[in-house]
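Input: a single structure, listed below in structure tokens.
Every chain is numbered from 1 and lettered A, B, ... according to where its sequence line falls, protein lines coming before strand lines.
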Number of protein chains: 2
Amino acid sequence: MSDGTLAHPMGRPTLEEVARVAGVSRATVSRVINGSPRVSADVLAVVEKAIAELDYVPNRAARSLVARATMSIALVVPEDAHRFFGDPYFADVVQGISDRLDDSDYVLNLQLTHPSSPSEKTKRYLLGGNVDGALVVSHHSGDHFLASLGRSLPVVFGGRPLGDVANPGDYYIDVDNRAGARRGVEHLVARGRRTIATITGPADMPASVDRELGWRDALTAAGLDAGRVARGDFTEAGGIRATLALVDAHPDLDALFVASDLMASGALLALEERGLRVPDDVAIVGFDDSPYATRGKVGLTTIAQPAQQMGVVMADTLLRLLAGENPPHVTTLDTHLVERDSA
Amino acid sequence: MSDGTLAHPMGRPTLEEVARVAGVSRATVSRVINGSPRVSADVLAVVEKAIAELDYVPNRAARSLVARATMSIALVVPEDAHRFFGDPYFADVVQGISDRLDDSDYVLNLQLTHPSSPSEKTKRYLLGGNVDGALVVSHHSGDHFLASLGRSLPVVFGGRPLGDVANPGDYYIDVDNRAGARRGVEHLVARGRRTIATITGPADMPASVDRELGWRDALTAAGLDAGRVARGDFTEAGGIRATLALVDAHPDLDALFVASDLMASGALLALEERGLRVPDDVAIVGFDDSPYATRGKVGLTTIAQPAQQMGVVMADTLLRLLAGENPPHVTTLDTHLVERDSA
DNA sequence: GTGAAAGCGCTAACAG
DNA sequence: CTGTTAGCGCTTTCAC
């Protein structure tokens, strides 16, 4: 045995030892552990004392075996690690998930997988009864395996799946992107802006589509032209490119609704490059209320989405599912406007 | 039963069923699963066929119970989620860990904990025999619980613990920050720079200390003055502040060695603010080779650290520890210079 | 080479 | 209220 091995000198105490020390049967100890009401006050005290003395912790494996539940849930991230971890939005979502799970007996298994198709190992893991449920967080939604995962396992998705891969029985938590976008554009309109363009995200992401729709809603309602659109890719560089294209094609532009703060941050750079002042010449409203919103010289007015709450609700929904309850299939979270300098 | 419950129609096949289908005993099936050589070729074939037919996957809990191993390891992140996930460096480390673990039978349990002191739940979890080992990734290192965790559980740290909390028996993987910093400054010297200041990270992080030391090494070796130091905090805003202070106090400055790309990115902004050109007036070398290095208008010359490899080696070291081997207590990874425009 | 039997630590009827 | 009795699904001596 190597010196690196750090085995517990006498092994971990078992329920049986607790029972012996407390002078009761194992069943009684089990009842105490599981908070059964069928235990007399004095016996309860004795058992709890024994548990504390021995520093007893129930063995998860043994428990799982008999309970036929693994007490663990998978956090599936079908996304490039850089892309995922680099996004403050996801950071909050994960934090929310973790927070909610902290109040439960479940643990989180991190499954980083390739966006287009999870590895065989991950598939077997997910389908092989190694987790009781799964949480899928990603902007993507084209994957077949994951899309149909909900048929074999309780799954909650973060963000609405795209129309063609969504299954009727799916559970997902979404942000009201359309209403949020609309709210942002309404703010621009209220500020007196009349020539409002938008920079969208990729066309294959529901969030992009919905935000563009919201932009259009507000413009139509205000009787304004909704013809100025540039497609971005949710990156800063993309925001720069799109903004340049937009201002060059439409010199009369007086406002920009940008589908993400990161892209908006690029827009700020591009506008400066062209010598346009924000918000004087061009007002900007972003989306996310990410750290990027306050990173530049001019604070970004933006639509905040409750990323952490998204995580909490995702976890909560899955937990309810696992508890045999009937949570809503779709939960839509509200956004709100955060006013800063850019609009 | 709610409609949300997605139980497998007939339950998951057990080893016993495989045995029945294959017409052998459970012991034999077990041997096949575990790759025992004491199985005849024909029996092996029959059993494998049965396994494939039934799509059998061994039950982890049952296995863990008898093996007295959980086959799972904790990824402890004693860091604010934003701070952690927002750092591309960590993203790579996690990717590396995940990659390495994909080739093993272990799964990763994500444990997000408060930087200063893990929750009771996390402590119990870690100490309660729920994982076979732990990987601790963080810039911080002042926590007592984590620092001593290695005494109760096989643990591998990412980054050298600070002197006063490091235990002799600890295992950790580190980057040769000092040599890397020195290399960066040498590059500046070779480029003809003579008045080279540095922006450091927080004084309580080993990486900061080492990088400052490396900066000093190079300057001393070149016979240059190592008196211009500004303390940063590894944030962009901190980089801006430090740079402003530096250029105002030392107008003769012709180069900056900045302890992180994020801070260097702030330096770029600050220099522009002061009307100083990069690299003409002031050359800059950063550290990390993170996405920030290529985000701005001028590409950042920087010291690349092998973040992903760090993760791989961390996982690998822990795996070896768990296998009863004797991996090195300290592994130091090399850095290399990446030349771009800033120096 | 293969099977029979025992048991890992825990929970869940079933009695009392 | 509490103890007794069976296993959960798997690995592992120990015989054959």
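With hydrogens and angles disregarded, no donor-acceptor distance shorter than 3.5 Å links the side chain of B:S72 to the backbone of B:V107. Panel note: side chain B:N130, backbone B:Y125; a donor-acceptor pair is recorded below 3.5 Å. The main-chain N or O of B:D103 is never found under 3.5 Å from a side-chain atom of A:K121 such that the two would form a donor-acceptor pair. Under the 3.5 Å distance criterion, the side-chain polar atoms of B:D132 are left unmatched by any main-chain donor or acceptor of B:I73. Under a 3.5 Å cut-off, the side chain of B:S64 and the backbone N or O of B:R60 do form a donor-acceptor pair.
Residue A:V43 is classed as a sugar-phosphate contact, given heavy-atom separations below 4.0 Å to backbone atoms only. Here B:S30 lies in heavy-atom contact (under 4.0 Å) with a base. Within the 4.0 angstrom heavy-atom criterion, no nucleotide atom of any strand lies near A:V29.
Taking a heavy-atom distance under 4.0 Å as the criterion, the stretch of DNA chain C touched by chain A extends 5' to 3' from C:dG9 to C:dA13.
Going from atom CG of A:L44 over to atom P of D:dC1 covers 12 Å, rounded to whole Å. One can place CG of A:L65 at 13 Å from C1' of D:dA6, the figure rounded to the nearest angstrom. If you measure from atom CZ of B:R31 to atom C1' of D:dC14, you get 11 Å, rounded to the nearest angstrom. Atom-to-atom, CZ of A:R63 to P of D:dG9 comes out at 18 Å; the value is rounded to the nearest Å.
Across its full length, the helix from C:dG1-D:dC16 to C:dG16-D:dC1 shows an angle of 30° between the axes of its 5 terminal pairs at either end, rounded to 10 degrees.
Two residues are said to be in side-chain contact when any heavy atoms from C-beta on lie closer than 4.5 Å; B:Y171 and B:P327 meet this criterion.
Using a 4.0 Å cut-off, no side-chain N or O of B:R26 falls inside it from OP1 or OP2 of D:dG9. Taking only side-chain nitrogens and oxygens, B:N59 never comes nearer than 4.0 Å to OP1 or OP2 of D:dC8. Taking side-chain N and O atoms only, A:T28 has a distance below 4.0 Å to OP1 or OP2 of D:dG3.
Here B:E53 pairs with B:K49 in a salt bridge; the nearest charged N to carboxylate O distance falls below 4.0 Å.
When the nearest nucleotides of DNA chain C are assigned to A:I33 and B:A62 by heavy-atom distance, the more 5′-ward of the two goes with B:A62. Nearest-nucleotide mapping onto DNA chain D: of B:A61 and B:A27, the residue sitting toward the 5' end is B:A61.
Checking D:dT11, D:dC8, D:dG3 against the side-chain heavy atoms of A:S25 singles out D:dG3 as nearest. Distances were taken from every side-chain heavy atom of A:R68 (C-beta onward) to each of D:dC8, D:dT11, D:dC1; the shortest belongs to D:dC8.
Expressed to the nearest 0.5 Å, how far CG of A:L127 lies from CZ of A:R151 amounts to 11.0 Å.
In this structure, the side chain to side chain contact (heavy atoms under 4.5 Å, CB included) partners of B:R63, at least two apart in sequence or on a different chain, are B:I33, B:N34, B:P58.
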